[in-house]
Q: 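I'd like to ask you about the structure that follows.
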Amino acid sequence: MTDLLGPLFTAFTLPFMARALVVLIALSLVAGVVGVLVNLRSLEFISDGLTHSVFPGIAIGFVWGGRDGLFVGAMIAAVLAAVVLTVITRRAVSGDAAIAIVFTAMFSVGILVVSRETDYAGQLEGLLFGRLLTVTGSEVTQTLVICAIALLLVGVTLKQQVFRAFDRTAVAAVGYRPVLLDLVLNVAIALVVVAASSAVGNLLVLAVLIVPGAVARLISVRLWLLFPLAAGFAALCAWLGLALGFEASVGAGIDLPSGATVVLVLVAGYLLVLLGRLAADRMRRRPPAGPGTAKHPESVTR
């Protein structure tokens, strides 16, 4: 038992593993809360668009100032993308098409910027898939600050955001401003993308943002229980994913990218919860066995 549980704890005595775990725990907390709101409002496609839209800022900031400039460029792009997204979804005749066109173009701009670098393939891979095990102390601090800002934005407006998720008309009728609530949530989503960009990468951040909220909805129908469930599930998968990747690399000699491993653990956890929910629903629908419910075999043949 000790041999099995050892890597789950001893791996994080290493400084680079501890920094990676701190980053993922912070992301789990904020992504769990924001992700539940995304799930309640079915904003998965918009979240995907935001991950693409922030990429040009990440690329420009990285090319301009290296890893120190990554967060600055990403923050600027995040705010601009959130504003553009809010305007598009309210004014565009075909919102989904407009979002797809605008943010695909912005993602392409980011690719073009990175392509000007000498180590094009290496830089692009790092920005898209993250550098989880090489995050620095300053990046940990930046991630914690950005996560705190996103959590504060959602926390201050959480009651209104939940109200908005269920009845937009009533929200406007009682005096809240749906446009402002949409903008706050979009900024929070974009900030999660920024916070995760150096760790799990731009393409993998969507799983961190979407999967925990979906899992919470499968486990419980109690509204305020969804948030701790999502955050706890994300944190557990982050811990297991990091430990699994470390053990595979050190113990078995299999080089597993840490960010992708964490995402796969998230998805595997979702599938397990989904199977459990389907089994529970099936058992619930099955009629109870009792006297007179089963017929004698001879009566069937008559």
Side-chain angles (χ1 to χ4, degrees), residues 4-35 51 54-55 58 61-62 66-71 74-75 122-151 191-212 215 230-270:
L4 293 176
L5 296 179
L8 294 177
F9 300 98
T10 58
F12 300 103
T13 59
L14 299 172
F16 69 92
M17 289 292 290
R19 287 193 296 268
L21 183 61
V22 169
V23 167
L24 287 183
I25 293 298
L27 286 173
S28 298
L29 178 60
V30 66
V33 175
V34 175
T51 61
V54 173
F55 184 69
I58 295 174
F62 183 80
R67 296 184 67 166
D68 293 333
L70 186 149
F71 281 99
M75 285 287 285
Q123 305 291 7
L124 182 61
E125 180 182 359
L127 293 177
L128 292 178
F129 302 106
R131 303 178 178 89
L132 184 55
L133 297 185
T134 61
V135 292
T136 63
S138 62
E139 287 176 334
V140 172
T141 302
Q142 289 172 325
T143 299
L144 292 176
V145 170
I146 294 171
C147 286
I149 294 172
L151 198 59
L191 289 178
V192 173
V193 176
V194 173
S197 57
S198 68
V200 297
N202 191 258
L203 288 182
L204 300 180
V205 66
L206 194 63
V208 178
L209 187 62
I210 299 302
V211 176
V215 168
F233 173 80
L236 176 62
C237 289
W239 174 45
L240 292 177
L242 280 175
L244 176 63
F246 179 83
E247 180 62 19
S249 299
V250 175
I254 302 173
D255 187 13
L256 296 179
S258 298
T261 304
V262 170
V263 171
L264 285 178
V265 172
L266 278 168
V267 175
Y270 171 79

Q: Over all heavy atoms of both residues, which pair between L256 and A248 is shortest? Give the atoms and the distance, please.
A: CD1-CB, 3.5 Å

Q: Could you tell me which non-hydrogen atom of A238 sits nearest to which non-hydrogen atom of L24, and how far apart they are?
A: CB-CB, 3.6 Å

Q: If you define the side chain from C-beta out and look only at heavy atoms, does anything of L27 sit under 4.5 Å from V205?
A: no

Q: Can you name the residues that form a side-chain contact (heavy atoms from CB on, under 4.5 Å) with L133, not counting sequence neighbours?
A: F16, M17, A20, L242, S258

Q: The criterion is side-chain contact (heavy atoms from CB on, under 4.5 Å); which residues satisfy it with A26, sequence neighbours excluded?
A: L144, C147

Q: First locate atom CZ of F12, then atom CZ of F246, and finally report the distance between them rounded to the nearest 0.5 Å.
A: 9.0 Å

Q: Can you name the nearest heavy-atom pair linking C237 to L266, along with the distance?
A: CB-CD2, 3.6 Å

Q: In chain order, what residues pass the side-chain contact (heavy atoms from CB on, under 4.5 Å) check against L264, with sequence neighbours excluded?
A: none

Q: Taking all heavy atoms of V30 and all of A150, pick out the closest pair and write down the distance.
A: CG2-CB, 3.7 Å

Q: Just verifying a value: how many Å separate L151 CG and L191 CG, rounded to the nearest 0.5 Å?
A: 11.0 Å

Q: Grab the two heavy atoms, one from V135 and one from L132, that are nearest each other, plus how far apart they are.
A: CG2-O, 3.4 Å

Q: At their closest point, which heavy atom of A235 faces which heavy atom of I25, and how far apart are they?
A: CB-CD1, 3.7 Å

Q: Mind checking side-chain contact (heavy atoms from CB on, under 4.5 Å) for V215 and listing every partner two or more places apart, or none if nothing turns up?
A: V211, I219, F233, Y270, V273

Q: Are the side chain of S249 and the backbone of D255 linked by a donor-acceptor contact shorter than 3.5 Å?
A: no

Q: Just how far is it from atom OG1 of T141 to atom CD of E139, taken to the nearest 0.5 Å?
A: 10.0 Å

